[in-house]
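Computation of the quantities below employed the complete heavy-atom set of this structure, encompassing side-chain atoms and omitting hydrogens, waters and symmetry-equivalent molecules. Naming convention: chains lettered A, B, ... in sequence-line order (proteins, then strands); numbering from 1 in each chain.
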Amino acid sequence: MSPGQFLLARVDDVVRWAQSSSVWPLTMGLACCAIEMMTATSAEYDIARLGSEVFRPSPRQADLMIVSGRVSQKMAPVVKRLYDQMADPKWVISMGACASSGGVFDNYAIVQGVDTVVPVDVYVPGCPPTPDGLLYAVNLIQQQIREGGRGGLLTRA
Amino acid sequence: MAPSRKRLFNVIALAKGLAVTFSFMFRKKPTIQYPSVKKQHAPRFHGLHELRRYGDGKERCIGCELCSSACPANAITVVGAENAPADRRSPGERYAARYEIDELRCIFCGMCEEACPTDAIVLTPRFEMADYRRGAFIYAKDRLLVPPEAGLGRPPDERPGGIPEDLGRVADIKSTMDIATGYSATKRGEILKTQRKGLAG
């Protein structure tokens, strides 16, 4: 191994550490799961310990999209557009039964899983999931970043 | 009233407000240090399912499919089969040859738990269910069924009435297994936890 390779490998580790310690979510509450998502920022659960307390209202400044709630057919193009506007690297958590698979709403109005619209990294079951269930999902995202996973489409590449 | 005096009152109000804020600095911190410390949820919390056994290791499920018809999300698939006399899986005539729950479709309402005539399917307090792949959420019997040593109660075929003696009470026992160890569904959470411990110590 040459000195240059050694340096780049260390830089990669530092970048991963930095990325995984500041996964900023996008403020995108779609339904009741958003209430639990907000509770995750409360003092009791305190998502700030994971470095994810800064909910960005603009997609350009966000790293993580938490699809919290059912995605209607009308909302699907908006979700897609917001995802496209986020800067790489970006990650997606599909929170709750409705976002992940449609849940009880197996009907014409609801998209049966948001992974048909955007690539999802971590699925969280529950209706809604508890805030600590969401923290666990953020933990999984962090673990993925630390192991060198890129997120989004590149995960599957 | 003179304007200066009015301003003075505002300062007092400000000090009162800040005193409340300041007093919180000396109270107990409400934060749960999540991956290392897990919250004790409410006693009737609805989490991941568990398929129970009797004390002798026989499955409680008799493959009646009542849970799957009660399920509002159509998340449960049960395929029953006749018990072979030589190898009885459950005390009844039938047992569940296939028992699958789509945990991603499930809304954790507990209707299956209510519908079950033998207290076979129970919702446990496990909440760490997130995973990377959608296919990983089809929980079959290999992950739902508790190990034979974690069975509960006397099976009905040893009893004259043919009714499980603990009927209606098994669901109150929220977990027959130690949550911290040996359950594949929460295994990843345990890995995360031990890694953190390794980093700390």
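- Among A:A97, A:C98, A:S94, the residue with the largest count of heavy-atom pairs under 4.5 Å with chain B is A:A97.
- Nearest heavy atom pair, residue A:Q143 against residue B:Y132, reads OE1-OH, 3.8 Å.
- The heavy-atom pair separating A:R49 from B:T31 by the smallest distance is NE-CG2, 3.6 Å.
- In this structure, B:R105 contributes its side chain and A:V104 its backbone to no donor-acceptor pair below 3.5 Å.
- For A:S100, the parts lying under 4.5 angstrom from a heavy atom of chain B are both the backbone and the side chain.
- Residues B:F45 and A:T130 meet the side-chain proximity criterion, which asks for heavy atoms closer than 4.5 Å.
- Taking the side chain as every heavy atom from C-beta outward, A:Y123 and B:L104 approach each other to under 4.5 Å.
- More than 12 heavy atoms of other residues, nucleotides or ligands lie within 6.0 Å of CD in A:E53, so this atom counts as buried by the packing criterion.
- More than 12 heavy atoms of other residues, nucleotides or ligands lie within 6.0 Å of CZ in A:F55, so this atom counts as buried by the packing criterion.
- Of all the listed residues (A:D106, A:V124, A:D132), the one sharing the greatest number of non-hydrogen pairs under 4.5 Å with chain B is A:D132.
- Closest approach of A:G133 and B:F127 over heavy atoms only: N-CD1, 3.8 Å.
- In this structure, CZ in B:R133 is found 13.5 Å from CG in A:D121, a value given to the nearest 0.5 Å.
- Between A:L140 atom CG and B:D131 atom CG the span is 7.0 Å, to the nearest 0.5 Å.
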